[in-house]
Amino acid sequence: MRLVILDNYDLASEWAAKYICNRIIQFKPGQDRYFTLGLPTGLPRNHPESYHSYMWNNFFKHIDIDPNNAHILDGNAADLQAECDAFEKKIKEAGGIDLFVGGIGPDGHIAFNEPGSSLVSRTRLKTLAMDTILANAKYFDGDLSKVPTMALTVGVGTVMDAREVMILITGAHKAFALYKAIEEGVNHMWTVSAFQQHPRTIFVCDEDATLELRVKTVKYFKGLMHVHNKLVDPLFSMKNGN
């Protein structure tokens, strides 16, 4: 397990972006190798707060990607279980997930795997915790009646099958979750803690997110930054193929 600690949110984001860029170039992605997680049910694809809109507006439209290679769970599918099963099948047919990138909630949930989720769960329909609903209310003008209460999400087991996992954790409000993720044992009430048992996990955080960690833990991982920085320097380029 790696813990990469940067001074602030912007530097943490930049480091993660460079790492992802290098990994994409090394992977040499092709058809049917792009997957994304979680889409609140009940929202049409063109709704400004749907996960489909979010991913396209904030990521996919800014990169060179064939729309046919972007797979997003359809929260309005007639048969949600069939939609989840098909998503798992697509992942398998594509050869599995090479790099999973995600964030966590203050309660340590990963994707929409809320506290209490099975650590071997697969893609499924999940009831959202009230904390998650309240956190999402800001995207719906604070109106809780408009916030989805159910979501489709990859499971913890689905993510654990990825060859590599990157988790982004920033802000003091997520400091206790980071503490639970790396300094205590694996616990289904803090689903992010499952990645202690993954062979290739990278937690990328800012200083604020380390406030609950032991000083010794922070010093240890900061002492490895010269090693971690070799993962993003040099920055690879598609033009020269490396």
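Note that the structure is predicted; figures quoted are calculated from it, not measured.
- In this structure, the side chains of Glu164 and Phe100 stay at 4.5 Å or more apart for every pair of heavy atoms.
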**OP:** Could you go through the side chain to side chain donor-acceptor pair (under 3.5 Å) check for Glu183 and Thr217 one step at a time?
**Re:** CA-CA 8 Å; Glu183 287 195 346; Thr217 299; 2.5 Å; yes
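- Taking every heavy atom of both residues into account, Arg23 and Asp98 meet most closely at NH2-OD2, 2.9 Å.
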Subject >> CA sep, side-chain torsions, deciding dist, call: Gln81, Asp85, side chain to side chain donor-acceptor pair (under 3.5 Å) >> reply: CA-CA 6 Å; Gln81 184 58 54; Asp85 294 343; 2.9 Å; yes
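- How far CG of Leu11 is from CG of Asn8: 4.0 Å, rounded to the nearest 0.5 Å.
- Between atom CG of residue Asp64 and atom CD1 of residue Ile24 there is a gap of 11.0 Å, rounded to the nearest 0.5 Å.
- Val156 and Val120 end up in different hydrophobic clusters when Ile, Leu, Val, Met, Phe, Trp and Tyr side chains are linked at under 4.5 Å.
- Scanning all heavy atoms of the two residues, the minimum distance from Val192 to Ala181 falls at CG1-CB, 3.6 Å.
- Follow the hydrophobic side-chain contacts under 4.5 Å out from Tyr51 and you reach Ile97 in the same cluster.
- Under the 4.5 Å side-chain criterion, counting only non-hydrogen atoms from C-beta, Cys84 is in contact with Leu152.
- Thr191 approaches Ser117 most closely through the heavy-atom pair CG2-CB, 3.9 Å.
- Counting only heavy atoms from C-beta outward, the side chains of Thr170 and Asp208 never approach each other to under 4.5 Å.
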Side-chain donor-acceptor pairs under 3.5 Å in residues 65-78, sequence neighbours left out?
{"residue": "Asp66", "atom": "OD1", "partner": "Asn68", "partner atom": "N", "Å": "2.9"}
{"residue": "Asp66", "atom": "OD1", "partner": "Asn68", "partner atom": "ND2", "Å": "3.4"}
{"residue": "Asn69", "atom": "OD1", "partner": "Asp32", "partner atom": "N", "Å": "3.1"}
{"residue": "Asp74", "atom": "OD1", "partner": "Asn76", "partner atom": "N", "Å": "2.9"}
{"residue": "Asn76", "atom": "ND2", "partner": "Leu43", "partner atom": "O", "Å": "2.4"}

Less than 3.5 Å apart, which donor and acceptor atoms pair up between the side chains of residues 224-236 and the rest of the protein, not counting sequence neighbours?
{"residue": "His226", "atom": "ND1", "partner": "Gly223", "partner atom": "O", "Å": "3.1"}
{"residue": "Asn229", "atom": "OD1", "partner": "Trp15", "partner atom": "NE1", "Å": "3.2"}
{"residue": "Asn229", "atom": "ND2", "partner": "Met225", "partner atom": "O", "Å": "3.3"}

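- Cluster annotation: Phe87 is connected to Tyr54 through the hydrophobic network of ILVMFWY side chains, with a link wherever side-chain heavy atoms come within less than 4.5 Å.
- At a threshold of 4.5 Å between non-hydrogen side-chain atoms, the residues Leu213 and Ile182 count as touching.
- Around atom CZ of Phe60, more than 12 heavy atoms belonging to other residues, nucleotides or ligands sit under 6.0 Å away.
- Closest approach of Ile20 and Leu99 over heavy atoms only: CG1-CD2, 4.3 Å.
- Put simply, CD1 on Ile133 and CE on Met150 are 10.0 Å apart, with the number rounded to the nearest 0.5 Å.
- Heavy-atom minimum distance, His198 versus Arg163: CE1-O, 3.5 Å.
- Going from atom NE2 of His109 over to atom CE of Met189 covers 13.0 Å, rounded to the nearest 0.5 Å.
- Other residues, nucleotides and ligands place no more than 12 heavy atoms under 6.0 Å from the OH atom of Tyr220.
- Here the side chains of Asn187 and Lys180 are not in contact, with every heavy-atom distance at 4.5 Å or above.
- With 3.5 Å as the limit, one finds no donor-acceptor pair spanning the side chains of Glu114 and Thr127.
- Relative ring orientation between His47 and Phe140 is described as tilted, the plane-to-plane angle lying within the 30° to 60° band.
- Remark: the backbone N or O of Glu88 is not paired with any side-chain donor or acceptor of Thr123 at under 3.5 angstrom.
- Taking hydrophobic clusters as Ile, Leu, Val, Met, Phe, Trp and Tyr residues chained together by side-chain heavy-atom distances below 4.5 Å, Tyr139 shares a cluster with Met130.
- In this structure, Leu168 CG and Ile104 CD1 are separated by 10.0 Å, a value rounded to the nearest 0.5 Å.
- When each of Lys174, Glu212, Arg214, Glu184 is checked for a side chain to side chain donor-acceptor pair (under 3.5 Å) with Tyr179, only Glu184 meets the rule.
- Using a 4.5 Å heavy-atom cutoff, the side chains of Cys205 and Leu6 are not in contact.
- Ser50 places no side-chain N or O within donor-acceptor distance of the main-chain N or O of Asn46, the cut-off being under 3.5 Å.
- The minimum heavy-atom distance linking Leu144 with Ala137 is given by the pair CD2-CB, 3.7 Å.
- No side-chain heavy atom of Val204 sits less than 4.5 Å from a side-chain heavy atom of Ile169.
- Distance check: Ile167 CD1 to Leu3 CG gives 12.0 Å after rounding to the nearest 0.5 Å.
- With contacts defined as side-chain heavy-atom distances shorter than 4.5 Å, the pair Met1/Phe195 does not qualify.
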